[in-house]
**Student:** 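Have a look at this one.
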Amino acid sequence: MAKLTSFTKACGKNKPKGTKLKCYVTYTGELSGMPQTREAVVLAASGSPIAGDTKIYDEPWDFSTAPTGEGFWRSFPILINTGQFRNFEEGEEGGKTMMNEIVGFIDDNGPAAREFVDCLRAGNGCIIGMIPDKQGNHHVCGDIENPCYVDVEEGGTGGDRVGYSIRLYSDSGFTNMQYDADTHGIDITPNP
Amino acid sequence: MAGKQVKETPDLAALQAENKELKARIEEMSPKAVKDPNEYLPKAIQAKFEVVNWVGGSLQHFGRFGEIDLTMLSLVKAQSLVRRGFSKLRARS
(Lines give C-alpha, C1' and ligand atoms only; values in the text may rest on other atoms or scores of the structure.)
Protein backbone atom coordinates (compact mmCIF):
# COMPACT_ATOMS: atom_id res chain seq x y z
CA MET A 1 0.00 0.00 0.00
CA ALA A 2 1.35 3.45 -0.92
CA LYS A 3 2.13 5.46 2.20
CA LEU A 4 2.04 9.23 2.47
CA THR A 5 5.26 11.02 3.33
CA SER A 6 5.74 14.73 3.89
CA PHE A 7 5.84 16.94 0.83
CA THR A 8 7.69 20.24 1.14
CA LYS A 9 7.32 23.36 -0.98
CA ALA A 10 10.37 24.24 -3.10
CA CYS A 11 10.86 27.98 -2.76
CA GLY A 12 12.87 30.27 -5.01
CA LYS A 13 12.06 28.62 -8.33
CA ASN A 14 10.12 30.12 -11.22
CA LYS A 15 7.43 27.82 -12.59
CA PRO A 16 6.34 29.15 -16.01
CA LYS A 17 3.32 27.42 -17.49
CA GLY A 18 3.10 25.68 -20.83
CA THR A 19 5.44 23.60 -22.93
CA LYS A 20 8.44 24.11 -25.18
CA LEU A 21 8.44 23.98 -28.97
CA LYS A 22 8.81 20.28 -29.82
CA CYS A 23 6.64 17.28 -29.04
CA TYR A 24 8.19 13.82 -29.53
CA VAL A 25 6.42 10.60 -30.51
CA THR A 26 7.55 7.03 -31.10
CA TYR A 27 5.90 3.67 -31.68
CA THR A 28 5.47 1.27 -28.76
CA GLY A 29 6.52 -1.60 -31.05
CA GLU A 30 9.97 -0.05 -31.55
CA LEU A 31 10.80 -0.11 -27.85
CA SER A 32 12.06 -3.26 -26.21
CA GLY A 33 10.79 -2.08 -22.85
CA MET A 34 10.20 0.98 -20.70
CA PRO A 35 13.22 2.50 -18.93
CA GLN A 36 13.74 1.77 -15.26
CA THR A 37 12.62 4.39 -12.76
CA ARG A 38 15.16 6.33 -10.74
CA GLU A 39 13.93 4.46 -7.66
CA ALA A 40 14.78 1.09 -9.24
CA VAL A 41 18.19 2.34 -10.42
CA VAL A 42 19.06 3.75 -7.00
CA LEU A 43 17.90 0.59 -5.19
CA ALA A 44 19.91 -1.59 -7.58
CA ALA A 45 22.97 0.45 -6.64
CA SER A 46 22.13 -0.06 -2.92
CA GLY A 47 21.21 3.60 -2.51
CA SER A 48 18.23 5.29 -0.88
CA PRO A 49 15.58 6.75 -3.20
CA ILE A 50 14.27 10.21 -2.45
CA ALA A 51 10.81 11.75 -2.95
CA GLY A 52 9.94 11.86 -6.66
CA ASP A 53 12.22 9.00 -7.76
CA THR A 54 9.27 6.75 -8.62
CA LYS A 55 8.09 9.25 -11.24
CA ILE A 56 11.33 9.67 -13.22
CA TYR A 57 12.65 7.34 -15.94
CA ASP A 58 16.40 7.21 -15.30
CA GLU A 59 17.65 5.03 -18.16
CA PRO A 60 17.96 5.66 -21.90
CA TRP A 61 15.08 4.51 -24.12
CA ASP A 62 15.91 1.08 -25.53
CA PHE A 63 15.39 0.89 -29.31
CA SER A 64 17.92 -1.92 -29.77
CA THR A 65 15.34 -4.43 -31.09
CA ALA A 66 13.79 -2.08 -33.65
CA PRO A 67 14.55 -2.86 -37.31
CA THR A 68 16.74 -0.73 -39.60
CA GLY A 69 15.22 2.67 -40.29
CA GLU A 70 13.12 2.59 -37.13
CA GLY A 71 13.80 2.91 -33.41
CA PHE A 72 13.89 6.66 -32.83
CA TRP A 73 11.83 9.63 -31.62
CA ARG A 74 10.04 11.69 -34.25
CA SER A 75 9.19 15.30 -33.45
CA PHE A 76 6.76 17.99 -34.51
CA PRO A 77 6.51 21.67 -33.51
CA ILE A 78 3.71 23.00 -31.31
CA LEU A 79 2.42 26.56 -31.75
CA ILE A 80 3.34 28.92 -28.90
CA ASN A 81 0.87 29.00 -25.98
CA THR A 82 -1.12 26.03 -27.28
CA GLY A 83 0.93 23.20 -25.77
CA GLN A 84 -0.03 21.59 -22.49
CA PHE A 85 0.45 18.36 -20.57
CA ARG A 86 -2.54 17.49 -18.36
CA ASN A 87 -3.36 14.78 -15.86
CA PHE A 88 -7.06 14.60 -15.04
CA GLU A 89 -9.29 12.26 -13.12
CA GLU A 90 -12.23 10.51 -14.73
CA GLY A 91 -14.93 8.24 -13.48
CA GLU A 92 -17.28 7.79 -10.57
CA GLU A 93 -16.40 6.97 -6.96
CA GLY A 94 -15.17 3.40 -6.88
CA GLY A 95 -14.11 3.54 -10.53
CA LYS A 96 -11.80 6.52 -10.90
CA THR A 97 -8.82 6.63 -13.19
CA MET A 98 -6.18 9.23 -14.08
CA MET A 99 -5.87 10.21 -17.73
CA ASN A 100 -2.73 11.76 -19.22
CA GLU A 101 -2.93 14.11 -22.16
CA ILE A 102 -0.73 16.19 -24.49
CA VAL A 103 -2.53 18.91 -26.43
CA GLY A 104 -1.16 21.38 -28.93
CA PHE A 105 -1.64 23.04 -32.27
CA ILE A 106 0.37 22.34 -35.43
CA ASP A 107 0.18 25.63 -37.31
CA ASP A 108 0.60 24.33 -40.85
CA ASN A 109 -1.80 23.00 -43.48
CA GLY A 110 0.77 22.19 -46.18
CA PRO A 111 1.06 18.71 -47.73
CA ALA A 112 3.86 17.62 -45.37
CA ALA A 113 1.79 18.65 -42.33
CA ARG A 114 -1.30 16.82 -43.60
CA GLU A 115 0.77 13.74 -44.33
CA PHE A 116 2.18 13.88 -40.81
CA VAL A 117 -1.31 14.22 -39.31
CA ASP A 118 -2.52 11.19 -41.29
CA CYS A 119 0.46 9.14 -40.05
CA LEU A 120 -0.16 10.29 -36.48
CA ARG A 121 -3.81 9.22 -36.70
CA ALA A 122 -2.75 5.88 -38.15
CA GLY A 123 -0.60 5.35 -35.04
CA ASN A 124 -3.70 5.56 -32.84
CA GLY A 125 -3.16 3.22 -29.89
CA CYS A 126 0.44 2.45 -30.85
CA ILE A 127 2.43 5.48 -29.78
CA ILE A 128 4.05 7.12 -26.78
CA GLY A 129 4.30 10.91 -26.57
CA MET A 130 6.78 13.11 -24.74
CA ILE A 131 6.89 16.90 -24.37
CA PRO A 132 9.15 19.19 -22.31
CA ASP A 133 7.64 21.83 -20.05
CA LYS A 134 9.13 25.32 -19.84
CA GLN A 135 11.47 24.15 -17.04
CA GLY A 136 12.89 21.41 -19.28
CA ASN A 137 11.22 18.43 -17.62
CA HIS A 138 10.21 15.92 -20.30
CA HIS A 139 6.72 14.57 -19.52
CA VAL A 140 5.83 11.16 -20.93
CA CYS A 141 2.32 10.30 -22.08
CA GLY A 142 1.56 6.60 -22.29
CA ASP A 143 3.68 3.48 -22.09
CA ILE A 144 3.91 0.12 -23.87
CA GLU A 145 0.93 -1.31 -22.01
CA ASN A 146 -1.10 1.92 -21.98
CA PRO A 147 -0.29 3.57 -25.30
CA CYS A 148 -1.47 6.95 -26.51
CA TYR A 149 -4.55 7.44 -28.63
CA VAL A 150 -4.87 10.30 -31.06
CA ASP A 151 -7.58 12.92 -31.52
CA VAL A 152 -7.38 15.41 -34.36
CA GLU A 153 -10.65 17.22 -33.73
CA GLU A 154 -10.44 19.59 -36.65
CA GLY A 155 -8.03 21.44 -38.84
CA GLY A 156 -7.41 22.86 -42.27
CA THR A 157 -7.33 26.28 -43.86
CA GLY A 158 -8.69 27.73 -40.62
CA GLY A 159 -11.52 29.87 -39.30
CA ASP A 160 -9.28 31.21 -36.54
CA ARG A 161 -6.01 29.42 -37.24
CA VAL A 162 -4.47 27.49 -40.09
CA GLY A 163 -3.44 24.02 -38.98
CA TYR A 164 -4.47 21.12 -36.75
CA SER A 165 -5.47 20.76 -33.12
CA ILE A 166 -3.78 17.60 -31.79
CA ARG A 167 -4.57 15.60 -28.67
CA LEU A 168 -2.59 12.55 -27.52
CA TYR A 169 -4.13 10.80 -24.51
CA SER A 170 -3.53 7.72 -22.44
CA ASP A 171 -5.37 6.00 -19.59
CA SER A 172 -2.41 4.99 -17.44
CA GLY A 173 -4.40 5.34 -14.22
CA PHE A 174 -1.65 7.45 -12.58
CA THR A 175 -0.03 10.84 -12.97
CA ASN A 176 2.52 10.86 -15.75
CA MET A 177 6.16 9.80 -15.66
CA GLN A 178 8.95 12.12 -16.70
CA TYR A 179 12.22 11.34 -18.46
CA ASP A 180 15.71 12.61 -17.63
CA ALA A 181 16.57 13.79 -21.14
CA ASP A 182 19.51 15.93 -19.95
CA THR A 183 21.34 12.79 -18.82
CA HIS A 184 20.11 10.05 -21.15
CA GLY A 185 19.18 11.84 -24.37
CA ILE A 186 16.38 11.53 -26.90
CA ASP A 187 17.56 9.40 -29.84
CA ILE A 188 16.36 11.05 -33.04
CA THR A 189 18.43 8.84 -35.38
CA PRO A 190 16.86 5.74 -36.95
CA ASN A 191 18.66 2.44 -36.32
CA PRO A 192 21.27 1.71 -39.04
CA MET B 1 0.55 -17.45 -90.86
CA ALA B 2 2.30 -15.63 -88.01
CA GLY B 3 5.23 -17.47 -86.45
CA LYS B 4 4.86 -18.93 -83.00
CA GLN B 5 6.34 -16.70 -80.26
CA VAL B 6 9.16 -18.53 -78.52
CA LYS B 7 9.19 -17.96 -74.81
CA GLU B 8 12.73 -17.19 -73.66
CA THR B 9 13.77 -19.13 -70.61
CA PRO B 10 15.56 -16.74 -68.21
CA ASP B 11 19.06 -17.70 -67.22
CA LEU B 12 18.37 -18.43 -63.55
CA ALA B 13 22.01 -18.75 -62.55
CA ALA B 14 22.86 -15.34 -64.09
CA LEU B 15 19.89 -13.69 -62.38
CA GLN B 16 20.86 -15.18 -59.02
CA ALA B 17 24.45 -13.99 -59.44
CA GLU B 18 23.24 -10.47 -60.32
CA ASN B 19 20.89 -10.48 -57.32
CA LYS B 20 23.73 -11.52 -55.01
CA GLU B 21 25.98 -8.76 -56.37
CA LEU B 22 23.30 -6.11 -55.96
CA LYS B 23 22.60 -7.21 -52.37
CA ALA B 24 26.33 -6.97 -51.56
CA ARG B 25 26.44 -3.43 -52.99
CA ILE B 26 23.38 -2.37 -50.97
CA GLU B 27 24.93 -3.88 -47.83
CA GLU B 28 28.15 -1.95 -48.51
CA MET B 29 26.34 1.35 -48.98
CA SER B 30 24.10 1.02 -45.92
CA PRO B 31 25.20 2.79 -42.71
CA LYS B 32 26.67 0.33 -40.25
CA ALA B 33 25.88 0.04 -36.57
CA VAL B 34 28.99 0.97 -34.61
CA LYS B 35 29.91 -1.06 -31.57
CA ASP B 36 31.87 1.77 -29.93
CA PRO B 37 30.16 5.21 -30.04
CA ASN B 38 33.66 6.80 -29.96
CA GLU B 39 33.84 5.76 -33.62
CA TYR B 40 31.23 8.43 -34.40
CA LEU B 41 33.60 11.20 -33.31
CA PRO B 42 35.81 13.02 -35.84
CA LYS B 43 39.40 11.77 -35.57
CA ALA B 44 40.71 15.08 -34.17
CA ILE B 45 38.09 15.01 -31.39
CA GLN B 46 38.64 11.28 -30.65
CA ALA B 47 42.25 12.09 -29.74
CA LYS B 48 41.16 14.58 -27.05
CA PHE B 49 37.73 13.39 -25.85
CA GLU B 50 35.93 10.11 -25.22
CA VAL B 51 32.24 9.24 -25.19
CA VAL B 52 31.00 7.40 -22.09
CA ASN B 53 27.70 5.54 -21.48
CA TRP B 54 26.29 6.62 -24.87
CA VAL B 55 23.26 4.54 -25.94
CA GLY B 56 21.69 4.80 -29.40
CA GLY B 57 22.43 6.76 -32.56
CA SER B 58 24.98 9.50 -33.20
CA LEU B 59 22.40 12.32 -33.21
CA GLN B 60 20.40 12.83 -30.02
CA HIS B 61 18.68 15.64 -28.17
CA PHE B 62 19.83 16.18 -24.57
CA GLY B 63 17.39 18.65 -23.03
CA ARG B 64 19.30 21.73 -21.83
CA PHE B 65 22.43 20.62 -23.71
CA GLY B 66 20.51 20.75 -27.00
CA GLU B 67 21.02 18.58 -30.04
CA ILE B 68 24.34 16.74 -30.13
CA ASP B 69 25.64 15.08 -33.30
CA LEU B 70 28.78 13.12 -32.44
CA THR B 71 29.83 12.95 -36.11
CA MET B 72 29.90 16.76 -36.38
CA LEU B 73 31.28 17.55 -32.92
CA SER B 74 33.76 20.44 -32.97
CA LEU B 75 36.51 21.10 -30.44
CA VAL B 76 34.77 24.25 -29.19
CA LYS B 77 31.45 22.42 -28.69
CA ALA B 78 33.13 19.46 -26.98
CA GLN B 79 34.94 21.78 -24.54
CA SER B 80 31.70 23.67 -23.86
CA LEU B 81 29.76 20.45 -23.19
CA VAL B 82 32.35 19.14 -20.73
CA ARG B 83 32.50 22.53 -18.98
CA ARG B 84 28.69 22.60 -18.62
CA GLY B 85 28.68 19.14 -17.03
CA PHE B 86 27.53 16.94 -19.92
CA SER B 87 27.92 13.46 -18.46
CA LYS B 88 28.45 11.54 -21.72
CA LEU B 89 31.64 13.28 -22.85
CA ARG B 90 34.96 13.29 -21.03
CA ALA B 91 38.33 14.86 -21.80
CA ARG B 92 41.03 12.24 -22.19
CA SER B 93 43.79 12.57 -19.59
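Order of the sequence lines sets the chain letters (A, B, ...), proteins ahead of strands, with each chain counted from 1. Atoms considered below: every heavy atom in the structure, side chains included; atoms not considered: hydrogens, waters and symmetry mates.
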**Student:** Can you tell which part of A:Y24 gets under 4.5 Å to a heavy atom of chain B, answering side chain, backbone, both or neither?
**Tutor:**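 Looking at A:Y24, just its side chain touches chain B.
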**Student:** Is it true that A:Y149 and A:I127 fall in one hydrophobic cluster, defined by side-chain heavy atoms closer than 4.5 Å?
**Tutor:** no
**Student:** Decide if atom NZ of A:K134 counts as having more than 12 heavy atoms of other residues, nucleotides or ligands within a radius under 6.0 Å.
**Tutor:**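 Atom NZ in A:K134 is packed in, count exceeds 12.
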**Student:** With a 4.5 angstrom heavy-atom cut-off, could you sort out which part of A:P60 is near chain B: side chain, backbone, both or neither?
**Tutor:**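 When you check distances to chain B, only side chain atoms of A:P60 fall under 4.5 Å.
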**Student:** May I ask you to check whether over 12 heavy atoms, not counting those of A:R86, lie within 6.0 Å of atom CZ?
**Tutor:** yes
**Student:** Between CZ of B:R64 and CD of A:Q135, what distance do you get to the nearest 0.5 Å?
**Tutor:**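 Those atoms lie 14.0 Å apart.
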**Student:** If I take atom CG from residue A:D182 and atom CZ from residue B:F65, how far apart are they, to the nearest 0.5 angstrom?
**Tutor:** 6.0 Å
**Student:** In terms of heavy-atom contacts, does CD1 of A:I80 have more than 12 from other residues, nucleotides or ligands at under 6.0 Å?
**Tutor:** no
**Student:** Taking atom CD of A:E70 as the centre, report whether more than 12 heavy atoms of other residues, nucleotides or ligands fall under 6.0 Å from it.
**Tutor:** yes
**Student:** Look up atom OG1 in A:T189 and atom CG in B:L70, then write down how far apart they are to the nearest 0.5 Å.
**Tutor:** 9.0 Å
**Student:** Under a 4.5 Å cut-off applied to non-hydrogen side-chain atoms, are A:D187 and B:H61 in contact?
**Tutor:**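 Contact flag for A:D187/B:H61 side chains = no.
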**Student:** What heavy-atom pair brings B:F62 and A:T183 nearest, and what distance separates the two atoms?
**Tutor:**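 Looking at all heavy atoms of both residues, the closest pair is CE2-O, 3.7 Å.
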**Student:** Between A:K20 and chain B, with a heavy-atom cut-off of 4.5 Å, which part of the residue counts as in contact: side chain, backbone, both or neither?
**Tutor:**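 Contact with chain B involves no heavy atom of A:K20 at all.
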**Student:** Count the heavy atoms belonging to other residues, nucleotides or ligands that lie under 6.0 Å from CD1 of A:I50, then report whether that count exceeds 12.
**Tutor:**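 Not more than 12 within 6.0 Å, no.
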**Student:** So with a 6.0 Å cut-off around CG of A:D118, is the heavy-atom count from everything else above 12?
**Tutor:** yes
**Student:** Within a strict 4.5 Å, meaning less than it, do heavy atoms of the B:K88 and A:H184 side chains meet?
**Tutor:**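 Result yes, sub-4.5 Å side-chain heavy-atom pair found.
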